[in-house]
Protein chains: 4
Amino acid sequence: MAKKVDSVARRDMILRAAVRVFARQGFAATRVEDVAAEAGVAKGSVYLCFDSRDALLVAAFEEYAAQAQAVIQEARSGAGDGLERLGALVRSVVDMVAAEPELARILVDLWAARRQGEAAGMDVPAVYREYRAVTAELLADAEAEGILRAGVGEVHAAVVVGAIEGCVLQWIVDPALPIAELAAPIVDVCVEGLRRGGAA
Amino acid sequence: MAKKVDSVARRDMILRAAVRVFARQGFAATRVEDVAAEAGVAKGSVYLCFDSRDALLVAAFEEYAAQAQAVIQEARSGAGDGLERLGALVRSVVDMVAAEPELARILVDLWAARRQGEAAGMDVPAVYREYRAVTAELLADAEAEGILRAGVGEVHAAVVVGAIEGCVLQWIVDPALPIAELAAPIVDVCVEGLRRGGAA
Amino acid sequence: MAKKVDSVARRDMILRAAVRVFARQGFAATRVEDVAAEAGVAKGSVYLCFDSRDALLVAAFEEYAAQAQAVIQEARSGAGDGLERLGALVRSVVDMVAAEPELARILVDLWAARRQGEAAGMDVPAVYREYRAVTAELLADAEAEGILRAGVGEVHAAVVVGAIEGCVLQWIVDPALPIAELAAPIVDVCVEGLRRGGAA
Amino acid sequence: MAKKVDSVARRDMILRAAVRVFARQGFAATRVEDVAAEAGVAKGSVYLCFDSRDALLVAAFEEYAAQAQAVIQEARSGAGDGLERLGALVRSVVDMVAAEPELARILVDLWAARRQGEAAGMDVPAVYREYRAVTAELLADAEAEGILRAGVGEVHAAVVVGAIEGCVLQWIVDPALPIAELAAPIVDVCVEGLRRGGAA
DNA sequence: GATGAATGAGGGTTCATTCAT
DNA sequence: TATGAATGAACCCTCATTCAT
């Protein structure tokens with residue numbers, strides 16, 4: 001039992017180290033040895049926990065996807081009307097990336113990896129499909145609640161998700177951009193702007 | 001003279017081939033020989049036009065940046081009020097990526113490359129800074145024209161740019177998403193939603 | 001400890017293999033893979049001990065330079081008058097190259113390498129400067145001892161060193177030349193010929 | 001006829017250029033394009049005069065060998081007793097290398113090349129065999145003339161040649177060494193030192 | 001003949017992965 | 001289990017040589 005815990009902890013330690021190095025240098029420029037050095041273990045030890053270098057990226061993706069899934073569940077099960085819950089979703093996503101910037105920064109590697117061998121086991125598009133789905137649900141709820149302005153449909157979900165992810169992207173590419181401060185204007189544009197009667 | 005033209009054409013042919021292969025396999029998984037084969041030339045011939053494999057990516061970036069620059073200039077010099085020109089900008093960017101999907105698809109490689117050696121000569125963040133700058137200018141114009149709703153400031157520019165790029169991102173990651181059909185809802189959310197009096 | 005010894009032994013084994021192949025084929029015609037094959041290891045293993053192909057040549061030079069240095073020290077600290085010690089020096093150098101013909105045979109590569117990148121870390125001229133310096137010292141001793149014929153000065157040191165190295169050169173270029181048998185006539189010409197009263 | 005002269009002149013111009021570049025960078029580090037650039041012609045033009053890059057080295061060798069042959073003939077047909085002619089030979093060789101230092105400086109490449117493919121057509125050992133042969137002849141003449149001290153035989157020829165070539169070697173490796181000033185001491189040691197009755 | 005663009009074999013080096021200790 | 005030395009496939013880039021113009 002203790003063994004198992006240790007083993008799990010060791011795997012997690014290595015994964016965290018990998019995420020740090022991937023965030024710093026990019027996946028393509030990161031050698032297994034870099035990850036091992038960051039984790040303070042030998043190169044061979046990485047292979048005790050992960051099948052391959054690609055598996056590290058897949059594991060990082062899984063962690064990211066799990067967080068996204070949690071945020072999505074929270075939005076689905078949250079309190080408030082559709083737009084309130086949409087606003088909360090926006091803030092949750094922004095909080096999530098701001099809380100673990102290094103995990104977020106490897107998103108570019110996940111996006112880039114999907115055409116390649118590393119992609120095995122990584123369904124990146126599914127994450128965005130989920131985001132769009134929950135957003136569409138919340139908009140539908142708002143519609144049903146009569147608080148959505150006319151003409152807003154499922155296609156707007158992609159725009160709302162795009163605004164969030166596009167802001168994250170700009171921040172990844174340019175860390176000087178204050179991502180935390182963007183939650184409010186995103187909500188302003190994508191939630192309040194869609195409210196019947198308009199923003200303010 | 002003819003020589004020069006041929007030489008330029010050859011370089012361009014190789015660059016286009018490179019973009020196609022990068023779009024298909026990703027930069028990391030593309031060998032110089034793949035590019036040569038796609039272009040129908042020998043491996044060594046690639047090096048007659050480009051200093052290195054990385055130089056191909058940089059050249060692709062330059063082409064993308066030039067297109068972005070053109071779109072930005074168009075927005076700056078265009079006719080109409082601030083919001084009309086912002087709407088035109090949104091549509092131009094979407095048209096641009098839809099017109100050359102392969103060039104757009106290497107964006108993920110450009111994003112991923114910025115932390116690495118390939119980055120020399122690629123100022124990816126500058127492209128987004130420019131996008132935000134021109135968007136902010138157009139919003140300021142709209143403000144001056146009295147057609148902007150209250151409370152919209154420079155920080156909203158990042159959201160507008162984010163909505164565009166975030167939609168592009170979703171389409172890159174999931175080509176099934178009909179990017180061309182997203183121009184309208186982006187404009188609806190990011191332009192009409194910011195108009196004084198709100199979207200119809 | 002055992003590890004360190006093994007590691008040193010392995011490096012030495014590869015270096016010896018490299019010297020053999022360089023002697024046989026010449027440095028220019030030797031690929032890293034040839035060295036690895038001769039040493040019975042994989043190509044990549046060479047790089048565990050040496051930074052580059054050039055580093056193999058530099059290491060060989062260092063071994064040669066160390067042997068030369070030892071011979072020079074021996075001449076400086078030896079017993080006998082100046083000319084006896086000069087004679088001993090001649091015989092030592094000849095013995096040295098005859099004892100390890102393969103190390104000697106790469107001298108041509110060292111000479112040829114000095115103008116190139118490989119040269120980093122190889123001060124070939126210094127070896128000959130040292131030879132001339134010690135020879136000049138021994139001649140000066142002989143002079144002080146009154147056993148040197150008149151008119152012999154520092155410039156003769158280059159001739160004595162030249163006679164030795166020139167014989168080695170002829171032997172390298174034409175292994176049929178019996179280098180061991182040349183020690184006596186070199187001494188006859190360069191030591192006895194400089195003795196006051198002349199050679200018998 | 002004029003054509004032929006031009007063609008020969010062109011070949012010679014390229015060969016001279018090659019010798020200059022080989023002397024400067026070494027053969028191994030010299031690309032055909034370097035030679036072409038030095039000669040002021042296009043890369044392909046080199047192949048109109050020479051079959052291959054190696055052929056340039058062979059041609060340089062032939063020029064060197066021809067000069068050596070001339071010096072040897074001169075010594076054989078010269079006036080004076082055996083030792084006078086040996087002294088003249090020494091001075092001729094030194095003058096030869098001093099007159100065309102660049103041609104001399106490629107000697108190291110010739111020495112190094114003999115184990116490799118380039119060697120085809122280059123009988124470097126033969127040059128030294130010839131040198132030894134003529135030296136031995138001159139010593140035999142001196143012996144017959146009764147001006148040679150006792151105990152000097154054919155094996156001493158290698159020493160005399162060695163002294164000359166060894167001095168040239170030291171100068172090639174270290175151009176600071178004044179080769180022209182070494183002719184006198186070489187003669188002093190290798191000619192006067194062998195004279196019956198000894199050097200003054 | 002003269003050119004230099006095009007070719008593609010060759011080889012130095014890296015690094016993911018394995019496995020004996 | 002942990003290690004890191006060993007492996008060898010992969011790949012970038014160079015450059016000798018060719019040949020169409």
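Letters go in sequence order (proteins before strands), and every chain restarts at 1. All heavy atoms count here, side chains included; hydrogens, waters and symmetry mates do not.
Listed by residue number, B:Lys43, B:Tyr47 are the residues of residues 36-47 of chain B with a heavy-atom contact under 4.0 Å to DNA chain F.
Looking only at side-chain heavy atoms (C-beta outward), D:Val35 and D:Glu38 stay at 4.5 Å or farther from each other. With contacts defined as side-chain heavy-atom distances shorter than 4.5 Å, the pair D:Trp111/C:Leu107 does not qualify. The side-chain heavy atoms of C:Asp123 and C:Pro125, taken from C-beta on, include a pair separated by under 4.5 Å.
One can place CZ of A:Arg11 at 15 Å from P of F:dT1, the figure rounded to the nearest angstrom. In this structure, C:Phe50 places its CZ atom 16 Å from C1' of F:dA5, rounding to the nearest Å. Rounded to whole Å, atom C1' of F:dC12 lies 10 Å from atom CG of B:Asp54. The CG atom of C:Leu56 sits 16 Å away from the P atom of E:dG11 (whole-angstrom rounding). One can place CZ of B:Arg53 at 16 Å from P of F:dA10, the figure rounded to the nearest angstrom.
Checked for salt-bridge contact, C:Asp6 and C:Arg10 miss the test: no charged N lies under 4.0 Å from a carboxylate O.
Evaluated for a side chain to side chain contact (heavy atoms under 4.5 Å, CB included) with C:Glu63, the options C:Val19, C:Leu103, C:Ile106 yield exactly one hit, C:Leu103.
Of all nucleotides listed (F:dA6, F:dA16, E:dT3), E:dT3 comes nearest to the side chain of D:Leu48. You'll find that the side chain of C:Arg31 is closest to E:dG12, out of F:dT3, E:dC15, E:dG12.
Atoms CZ and CG, from B:Arg31 and B:Asp34 in turn, are 4.0 Å apart once rounded to the nearest 0.5 Å.
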Exercise for review: Report the secondary structure of DNA chain F in dot-bracket form, marking unpaired bases with a dot and bases paired to a different strand with |, and treating Watson-Crick or G-U pairs with both distances under 3.5 Å as paired.
Suggested key: .||||||||||||||||||||

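No donor-acceptor pair closer than 3.5 Å links the side chain of B:Arg105 to the backbone N or O of B:Phe22. The backbone N or O of D:Glu102 lies less than 3.5 Å from no partner atom in the side chain of D:Arg24, so there is not a single donor-acceptor pair.
Taking for each of C:Cys49 and B:Glu33 the nucleotide of DNA chain F with the nearest heavy atom, the 5'-most of the two is the partner of C:Cys49.
The two residues B:Leu56 and B:Ala18 make their nearest non-hydrogen contact at CD2-CB, 4.0 Å.
Of the side-chain N and O atoms in A:Arg10, none sit less than 4.0 angstrom from OP1 or OP2 of F:dT1.
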